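A quick write-up on the structure given underneath.
Note that the structure is a prediction, hence the values are computed from the model and not measured. Sequence lines set the chain letters: A, B, ... in the order given, protein chains first and strands last, and positions in each chain run from 1. We use all heavy atoms of the structure for the numbers below, so side chains are in, but hydrogens, waters and symmetry mates are not.
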There are 2 protein chains.
Amino acid sequence: MPAKSDLPQGTLDLLILKIAALGPIHGYAIAQRLQQVSRDVVQVPQGSLYPALHRLENRGLLAADWKETETGREAKFYRLTRKGRAQLETEAASWRRLTEAVGIILRLREGGAE
Amino acid sequence: MPAKSDLPQGTLDLLILKIAALGPIHGYAIAQRLQQVSRDVVQVPQGSLYPALHRLENRGLLAADWKETETGREAKFYRLTRKGRAQLETEAASWRRLTEAVGIILRLREGGAE
DNA sequence: GCATAATATGTAGAAGATCGAGGTAACTTC
DNA sequence: GAAGTTACCTCGATCTTCTACATATTATGC
């Protein structure tokens with residue numbers, strides 16, 4: 001059984017920014033890397049990937065240049081802008097705050113808090 | 001500065017199911033409880049809350065009865081159905097798997113994993 | 001008696017994100 | 001020359017969330 005995972009809204013942007021922060025990389029490779037690192041928990045369909053990249057580029061968080069890949073093909077390499085780096089930090093902090101809060105809630109027991 | 005938090009899609013259902021699992025409770029109180037326990041990180045606007053409750057009820061995950069609150073007012077008390085309990089477990093497991101994966105990604109360093 | 005706030009429910013409409021399905025093209029391997 | 005992989009892209013359906021609005025009851029203050 002495949003680990004069907006459906007990223008919640010907003011999460012994809014955070015992950016893309018994070019991967020791009022590790023060094024210039026093209027879209028297709030971002031999706032592969034996410035899938036590898038997460039052991040298939042995170043799977044990004046192309047219909048989500050490319051709109052997200054364009055969205056981030058339009059917002060000035062990513063910048064792109066066409067370059068040659070290692071295999072000698074043209075691809076669009078994305079890198080984080082200064083603004084993108086700031087955004088990444090903000091979103092990562094929100095993510096941590098939120099997951100911490102949700103974690104607390106999920107661990108509640110009857111007759112628990114206050 | 002308020003901890004503006006905007007729950008990602010799907011998360012609200014999970015949290016509602018979890019709170020309802022602790023015992024019958026009405027909608028307004030669910031929102032209050034979430035906010036209290038999370039120290040204001042999770043804030044549920046009514047325009048999100050009630051549609052979510054109806055959604056969950058229609059899917060057969062919650063069941064509702066009108067009862068009197070402690071303050072003597074009529075309110076709709078929700079409780080988890082058997083199906084809802086199963087769904088809660090599934091969603092909680094997904095949530096853990098996902099946050100774990102995202103956590104790994106957010107901790108990546110250049111020249112890191114594979 | 002009247003205004004305000006808190007409790008408690010609900011709807012309508014706009015805005016955004018994800019995703020399945022489709023399309024293009026180049027390069028590699030058999 | 002057919003198939004598979006890499007690499008880009010768009011469109012439309014679908015679902016959530018959120019802002020704003022609407023309603024009714026109870027409690028508090030003046």
Side-chain angles (χ1 to χ4, degrees), chain A residues 2-17 19 24-36 41-59 61-62 64-78 91 94-95 98 102, chain B residues 2 4-17 19 24-36 42-59 61-62 64-78 91 94-95 98 102:
Chain A
K4 230 292 186 173
S5 125
D6 291 73
L7 287 173
Q9 205 162 311
T11 312
L12 180 57
D13 288 8
L14 169 61
L15 296 181
I16 290 176
L17 290 177
I19 297 298
I25 185 170
H26 62 272
Y28 194 83
I30 292 176
Q32 284 186 319
R33 201 143 156 67
L34 285 174
Q35 186 166 348
Q36 279 171 18
V41 173
V42 176
Q43 292 180 48
V44 186
Q46 300 187 335
S48 306
L49 174 67
Y50 292 108
L53 287 172
H54 301 331
R55 199 159 62 224
L56 294 170
E57 196 179 358
N58 287 338
R59 289 174 59 198
L61 307 178
L62 291 180
D65 311 284
W66 288 91
K67 279 189 216 161
E68 226 178 72
T69 65
E70 295 169 4
T71 59
R73 213 170 305 195
E74 286 293 302
K76 211 168 167 184
F77 281 78
Y78 290 92
E91 284 191 27
S94 290
W95 173 262
L98 177 70
V102 172
Chain B
K4 229 290 184 179
S5 125
D6 291 78
L7 288 173
Q9 203 161 318
T11 311
L12 180 57
D13 288 7
L14 169 61
L15 296 180
I16 290 176
L17 290 177
I19 298 299
I25 185 170
H26 63 271
Y28 194 84
I30 292 177
Q32 284 186 320
R33 199 139 156 71
L34 285 174
Q35 185 167 348
Q36 280 172 14
V42 175
Q43 293 181 48
V44 186
Q46 302 185 332
S48 306
L49 175 68
Y50 292 106
L53 288 171
H54 301 331
R55 202 160 59 228
L56 293 170
E57 195 179 359
N58 288 336
R59 289 172 60 197
L61 306 178
L62 291 180
D65 310 284
W66 287 92
K67 278 188 218 160
E68 223 177 75
T69 67
E70 296 170 4
T71 59
R73 214 169 304 195
E74 286 294 302
K76 213 169 166 185
F77 281 76
Y78 290 93
E91 284 191 27
S94 290
W95 172 263
L98 178 70
V102 172

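Distance, B:R55 CZ to C:dT11 P: 13 Å, rounded to whole Å. With rounding to whole Å, A:D6 atom CG is found 13 Å from D:dT16 atom C1'. Atoms CG (A:L14) and C1' (C:dA17) sit 15 Å apart, rounded to a whole Å. One atom, CG of A:L15, and another, P of C:dA17, lie 15 Å apart when rounded to the nearest Å. Look at CG on A:L49: it is 13 Å from C1' on D:dT6, rounded to the nearest Å. Distance, B:L53 CG to D:dT16 P: 13 Å, rounded to whole Å. A:L56 places its CG atom 14 Å from the P atom of C:dG16, with the value rounded to the nearest Å. Rounded to an integer number of Å, the gap from B:Y78 OH to C:dA8 C1' is 11 Å.
Of the residues in residues 67-76 of chain A, A:R73 come within less than 4.0 Å of DNA chain C through at least one heavy atom, sorted by number.
Within the structure, a side-chain polar atom (N or O) of A:Y28 is placed less than 4.0 Å from OP1 or OP2 of D:dT6. Remark: B:Q32 is in phosphate contact with C:dT7, judged by side-chain N or O atoms under 4.0 Å from OP1 or OP2. Contact between the side-chain N/O atoms of A:H54 and the OP1/OP2 oxygens of D:dT10 is found at a separation under 4.0 Å.
Here the side chains of B:E68 and B:R73 are not in contact, with every heavy-atom distance at 4.5 Å or above. Taking 4.5 Å as the limit, every side-chain heavy atom of A:I30 sits out of range of all side-chain heavy atoms of A:R33. When side chains are defined from C-beta on, A:I16 does not count as touching A:V44, because their heavy atoms never get closer than 4.5 Å. For the pair A:W95 and A:T11, the minimum side-chain heavy-atom distance is below 4.5 Å.
Checked against side-chain hydrogen bond (donor to acceptor under 3.5 Å, both in side chains), A:R55 has the following partners two or more places apart in sequence or in another chain: A:D13.
At a cut-off of 3.5 angstrom, the base of C:dC19 holds no donor-acceptor pair with the side chain of A:Q46.
To the nearest 0.5 angstrom, A:E57 atom CD is 4.5 Å from A:K76 atom NZ.
Evaluated for a side chain to side chain contact (heavy atoms under 4.5 Å, CB included) with A:L7, the options A:L34, A:L14, A:L15 yield exactly one hit, A:L15.
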